[in-house]
Amino acid sequence: MFQAVSKPAIIEVAVPCPLRRSFDYLLTGKETHAPQPGQRVLVPFGNRRLVAVIIALKTQSEHQKLKPIIELLDAETPSLSAQQLALGQWAAQYYHHPIGDCLQQMLPVNLRKPGPAEARPSPDDCWQLCADWQSKEAPANRAKQQLALLDAFVQAPQHRLNREQLTELGFKRPLLNELIKRDLVEAVASVGITNTAETPPTLNAEQSHVVDAVTAKLGQFSRFLLEGITGSGKTEVYLRLIHAALQQGKQALVLVPEIGLTPQTLERFERRFPAQVASLHSGMSDNERLKNWLAVRQGDTPILLGTRSAILADLPKLGLIIVDEEHDPSYKQQDGWRYSARDIAVKRAADNHCPVVLGSATPSLDSLFNVERGRYALLQLRQRAGDAKPPAIQLLDIRRQNLHEGLSTPLLENIGQTVAKGQQALIFLNRRGFAPTLQCHGCGWIAQCGNCDARLTVHYRRQTLKCHHCDATAAMPYQCPDCGDDHWLFEGPGTERLEMLLQQQFPNTPVYRIDRDTMNRQGDVENRVEEIRRGGAGIIIGTQMLAKGHHFPNVTLVGIVDMDAGLFSADFRVVERSAQLLVQVAGRAGRAELAGRVLIQTHCPEHPALQTLLKQDYRRFAQQQLAERQRLQQPPASYCAVLRSDAVRLQRAEEFLQQLASALRPHAKGIQMMGPLPAPMTRRAGRFRCSLILQTPNRAKLHQLLSLATQAGDRIKKSSDLRWSIDVDPIELF
DNA sequence: AGCACGCCGACT
DNA sequence: GTCGGCGTGCTC
């Protein structure tokens with residue numbers, strides 16, 4: 001017999017290395033199952049063994065001496081589905097990032113090392129008969145499978161079976177779900193979660209309209225921006241949409257910002273959809289992540305709720321994507337493969353012919369621009385639940401004012417009046433620690449970080465100096481190292497200092513501080529928020545940790561200590577970000593019977609952006625900003641990428657980008673090139689950083705140039721300590 | 001990214 | 001005479 005000539009004996013793989021190309025290997029012919037794209041494979045690479053991903057099968061190779069693979073790691077089912085593989089390949093091109101690294105990041109950590117694609121069974125993978133199962137309606141006689149499974153539970157010791165045993169007995173998850181639905185069986189480890197779905201509340205007219213509009217588009221690609229003010233019931237809309245998708249037999253993917261995935265959020269979803277929600281977030285073990293990742297892929301779980309990287313998971317029946325707080329910067333990965341989960345969500349919706357809903361109270365300018373261009377349909381929720389009124393915003397001009405640790409007299413008086421009424425005040429300051437600067441009163445010496453162009457922050461209680469840009473920590477000195485004087489000046493306010501001041505001023509009022517220094521462990525914030533909600537008069541001090549998600553019904557006064565830092569910056573996105581932060585912080589306050597007030601301390605009350613925000617009009621602010629961006633041809637009115645470099649010596653970093661810029665310039669017609677410029681805080685963690693900014697209205701041209709940049713960048717001779725990277729659609733310019 | 005190979009300084 | 005510094009080049 002002839003050997004079939006087309007039998008693929010060679011595989012093309014992506015290896016987890018920063019190399020922008022693939023490698024070919026020989027199959028041994030002794031594989032126990034058929035190789036398929038997406039499967040993991042152990043290969044010899046140099047003198048190492050690496051877990052690579054098959055991207056194609058071939059019959060021949062350009063390369064002469066191929067090595068044979070060591071073994072196929074996936075039995076049958078590839079770790080990455082065809083759709084994921086295609087997504088990874090698309091993303092590698094779009095973000096100009098090495099394919100091997102992209103595919104590696106799409107795999108759960110446990111699958112990045114050799115071993116089978118299985119999760120260890122864990123205790124919460126156990127189910128038992130409900131105590132009152134006999135009083136419940138049994139499955140119909142013709143539901144033979146269900147009866148068999150029920151019988152297996154009755155026979156089992158303690159009436160319990162775990163996942164492993166169920167698999168052994170040949171029972172599949174959907175069948176188990178049937179028994180769970182009938183209240184015959186429940187998960188063992190789940191404490192305090194009822195297994196009956198709660199009854200959804202009634203929707204108001206606005207909510208119904210939104211639900212109808214999106215539901216009508218299930219099954220086709222459609223993009224929505226859902227602009228819903230704080231407290232307008234966005235989450236309820238999401239739950240209804242998910243329900244509609246599930247009814248059509250589809251799966252739903254919900255993305256939330258990094259710190260938005262609190263136990264409360266998860267519980268809210270689980271109450272509505274018992275045993276149907278899997279989650280992926282940073283607080284879980286690698287094994288748990290793998291377990292949920294697999295559950296969603298196998299279709300056992302129809303809902304995936306997760307943070308940024310959840311957009312990379314496989315949902316074979318994906319029918320709806322929701323991105324909550326779509327403006328949140330945590331959707332953009334800030335190192336390595338700098339992808340935007342929000343943007344990939346839109347791409348996946350297109351691939352899956354399904355709707356994507358981007359929700360926010362303060363939509364990003366990118367999304368508003370897409371509404372303007374008619375790409376996204378705009379849906380709005382303007383009504384606050386219970387008719388709560390938006391808070392009144394007022395500026396406090398603090399020029400030449402006496403400040404007490406950063407607080408003006410009027411703000412202090414207002415805090416006093418608020419707590420006297422038994423209400424709560426929330427003071428927002430985006431600077432943790434006691435004081436941002438330590439200065440010697442004798443000679444003017446200032447404590448600087450040895451590794452960064454930054455001052456050290458004083459942490460009073462711990463008597464330490466910390467750098468907030470690297471991990472440098474030092475003991476608070478007794479004497480000035482320059483002149484020996486021991487009189488110190490603590491300059492500027494920090495949250496720790498405000499806490500001490502306010503506790504002193506209001507000794508009978510509880511003062512709560514919420515920042516990275518006081519909230520160490522998972523769940524600390526939730527516990528503290530719960531305590532505040534139950535409490536009466538009180539003062540809450542916090543950084544941007546406060547701005548997201550949590551609502552404080554007893555807060556009637558919000559004070560913004562320092563607005564000015566967010567108004568002026570070389571980076572045009574800083575103003576957008578601080579406006580969003582302001583609106584979000586303001587949204588923490590007030591309810592129907594207690595209208596809230598927001599007081600903003602500033603040295604520049606005439607600033608146009610502030611004046612617009614003052615009128616409660618985020619949308620008008622956004623329109624003004626958009627007009628400005630269009631005038632200056634800045635994103636989203638143009639496309640942008642940043643090439644960055646860093647090295648131990650500034651000259652090395654600069655030189656590299658200069659050479660890269662020269663190599664690109666002849667091909668950069670119609671593309672604005674700015675730089676290379678040292679970043680505003682050039683030295684950080686002992687390295688100097690530079691940026692070269694590219695901007696053009698022509699996306700195709702930008703990507704052509706970036707392709708050239710990857711080639712040129714690899715060719716240019718570099719000192720060994722030089723690192724460089726490409727950031728497509730950056731959210732920070734430097 | 002790793003890891004080896006390679007050519008120049010201070011140690012047994 | 002070697003141990004080891006990190007420059008540079010490759011990985012199917």
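Each chain gets a letter, A, B and so on, in the order the sequences are listed, and its residues count up from 1.
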Review point. Does the gap between the ring centers of A:His703 and A:Tyr94 come in under 6.0 Å?
Key: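 Between A:Tyr94 and A:His703, which both carry aromatic rings, the centre distance is below 6.0 Å.
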**Study point:** Under-4.0 Å salt bridge between A:Lys332 and A:Asp727
**Key:**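 Yes, charged N to carboxylate O under 4.0 Å.
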Would you indicate what [X] reaches in the nucleic acid, counting non-hydrogen atoms under 4.0 angstrom: base, sugar-phosphate, or nothing?
| X | value |
| --- | --- |
| A:Pro44 | sugar-phosphate |
| A:Tyr25 | sugar-phosphate |
| A:Arg21 | base |
| A:Leu19 | base |

What is the distance, to the nearest angstrom, from the [atom1] atom on [X] to the [atom2] atom on [N]?
| X | N | atom1 | atom2 | result |
| --- | --- | --- | --- | --- |
| A:Lys65 | C:dC12 | NZ | P | 10 Å |
| A:Trp337 | B:dA1 | CH2 | P | 18 Å |
| A:Ile716 | C:dT8 | CD1 | C1' | 16 Å |
| A:His63 | C:dT11 | NE2 | C1' | 9 Å |
| A:Lys717 | C:dC10 | NZ | P | 12 Å |
| A:Asp714 | C:dT8 | CG | P | 16 Å |
| A:Asp24 | C:dT11 | CG | P | 13 Å |
| A:Arg20 | C:dT11 | CZ | C1' | 16 Å |

With no hydrogens and no angle check, do the side chains of [X] and [Y] hold a donor and an acceptor under 3.5 Å apart?
| X | Y | answer |
| --- | --- | --- |
| A:Asp721 | A:Ser719 | yes |
| A:Gln334 | A:Arg338 | yes |
| A:His281 | A:Thr307 | no |

The side chain of [X] is closest to which nucleotide in this list: [options]?
| X | options | answer |
| --- | --- | --- |
| A:Asn47 | B:dC3, C:dT11, B:dA1 | B:dC3 |
| A:Ser720 | C:dC6, B:dA1, C:dC12 | C:dC6 |
| A:Lys67 | B:dA4, C:dC12, B:dA1 | C:dC12 |

**Study point:** Distance below 4.0 Å between A:Arg48 side-chain N/O and B:dG2 OP1 or OP2
**Key:**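 True: A:Arg48 side-chain N/O within range (under 4.0 Å) of B:dG2 OP1/OP2.
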